[in-house]
Amino acid sequence: LLSRPPSIKMSGHADERGEPDFNMNLSADRLGTVVKYLRAGGYAGQVELIPKGDTEPFAGIDRTRVARDELYELDRRVELKIAE
């Protein structure tokens with residue numbers, strides 16, 4: 001049986017294309033979609049949503065070795081952290 005943490009923090013991200021305001025709204029929309037999914041699955045804990053737009057590209061790889069389209073896919077994401 002999996003336990004459900006009492007609170008989580010999620011950050012939403014977008015790729016570099018688009019204006020900063022558009023990307024910020026896009027990352028907020030992305031967060032909204034994920035939280036709806038979690039709520040539909042029964043998660044009732046506290047959720048902190050932090051839209052970041054295109055300000056933090058995915059850094060888990062050597063970006064010089066990946067095609068631009070693949071970088072865009074990695075940059076468009078939601079990161080979830082379990083709060084302690």
Side-chain angles (χ1 to χ4, degrees):
L1 179 67
L2 294 175
S3 66
R4 294 184 176 160
S7 63
I8 59 175
K9 181 185 293 189
M10 293 191 299
S11 58
H13 304 268
D15 64 43
E16 65 188 27
R17 298 173 292 178
E19 296 296 318
D21 286 342
F22 176 81
N23 286 338
M24 193 62 71
N25 289 332
L26 189 60
S27 65
D29 290 346
R30 187 167 282 128
L31 285 167
T33 298
V34 173
V35 79
K36 283 180 190 176
Y37 177 82
L38 291 174
R39 296 291 189 212
Y43 182 72
Q46 182 181 17
V47 179
E48 181 181 355
L49 303 176
I50 307 165
K52 299 221 176 191
D54 62 354
T55 62
E56 294 182 9
F58 184 74
I61 57 166
D62 179 354
R63 293 179 70 88
T64 64
R65 297 177 155 255
V66 179
R68 182 165 299 277
D69 286 342
E70 292 175 1
L71 290 174
Y72 290 152
E73 290 177 16
L74 293 169
D75 291 342
R76 296 185 304 261
R77 69 196 188 282
V78 169
E79 294 182 356
L80 182 140
K81 294 183 181 178
I82 297 173
E84 295 182 25

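Both backbone and side-chain heavy atoms feed into the values below; hydrogens, waters and symmetry mates do not.
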Supply the atom-to-atom distance [X] [atom1] to [Y] [atom2], rounded to the nearest 0.5 angstrom.
| X | Y | atom1 | atom2 | answer |
| --- | --- | --- | --- | --- |
| Arg63 | Asp75 | CZ | CG | 4.0 Å |
| Leu80 | Met10 | CG | CE | 6.0 Å |
| Leu49 | Ser27 | CG | OG | 10.5 Å |

Which residues share a side chain to side chain donor-acceptor pair (under 3.5 Å) with [X], sequence neighbours left out:
| X | value |
| --- | --- |
| Arg39 | none |
| Lys81 | none |
| Glu73 | none |
| Asp15 | Arg17, Arg76 |

- Only counting residues at least two apart or in another chain, list the ones meeting side chain to side chain contact (heavy atoms under 4.5 Å, CB included) with Arg68.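 Side chain to side chain contact (heavy atoms under 4.5 Å, CB included) check on Arg68 returns Glu16, Tyr72.
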- Message: Going by side chain to side chain contact (heavy atoms under 4.5 Å, CB included), name the residues that satisfy it together with Pro20, two or more places apart in sequence or in a different chain.
- Response: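 By the side chain to side chain contact (heavy atoms under 4.5 Å, CB included) rule, Pro20 matches no residue at all.
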- Message: Going by the rule salt bridge (Lys or Arg N to Asp or Glu O under 4.0 Å), which residues pair with Asp21 if we only count those two or more places apart in sequence or in a different chain?
- Response: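 Once residues adjacent in sequence are excluded, Asp21 has no partner under the salt bridge (Lys or Arg N to Asp or Glu O under 4.0 Å) criterion.
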- Co-membership, hydrophobic cluster, residues Ile8 and Val78, 4.5 Å side-chain: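 Same cluster.
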- Task: Consider only side-chain heavy atoms of I, L, V, M, F, W and Y, link residues closer than 4.5 Å, and tell whether Leu38 and Ile82 are in one cluster.
- Result: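 Yes; Ile82 is reachable from Leu38 via cluster members.
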- Task: Keeping to residues at least two apart or across chains, list the side-chain hydrogen bond (donor to acceptor under 3.5 Å, both in side chains) pairs with something in residues 43-60.
- Result: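 Found Asn23-Asp54, Lys52-Glu56.
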- Ile61: hydrophobic cluster co-members (side-chain, 4.5 Å):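 Phe58, Val66, Leu71, Leu74, all in the cluster of Ile61.
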For residues 30-37, which side-chain donor-acceptor pairs fall under 3.5 Å, sequence neighbours excluded?
unit_1, atom_1, unit_2, atom_2, d
Arg30, NH1, His13, O, 2.5
Thr33, OG1, Asp29, O, 3.2

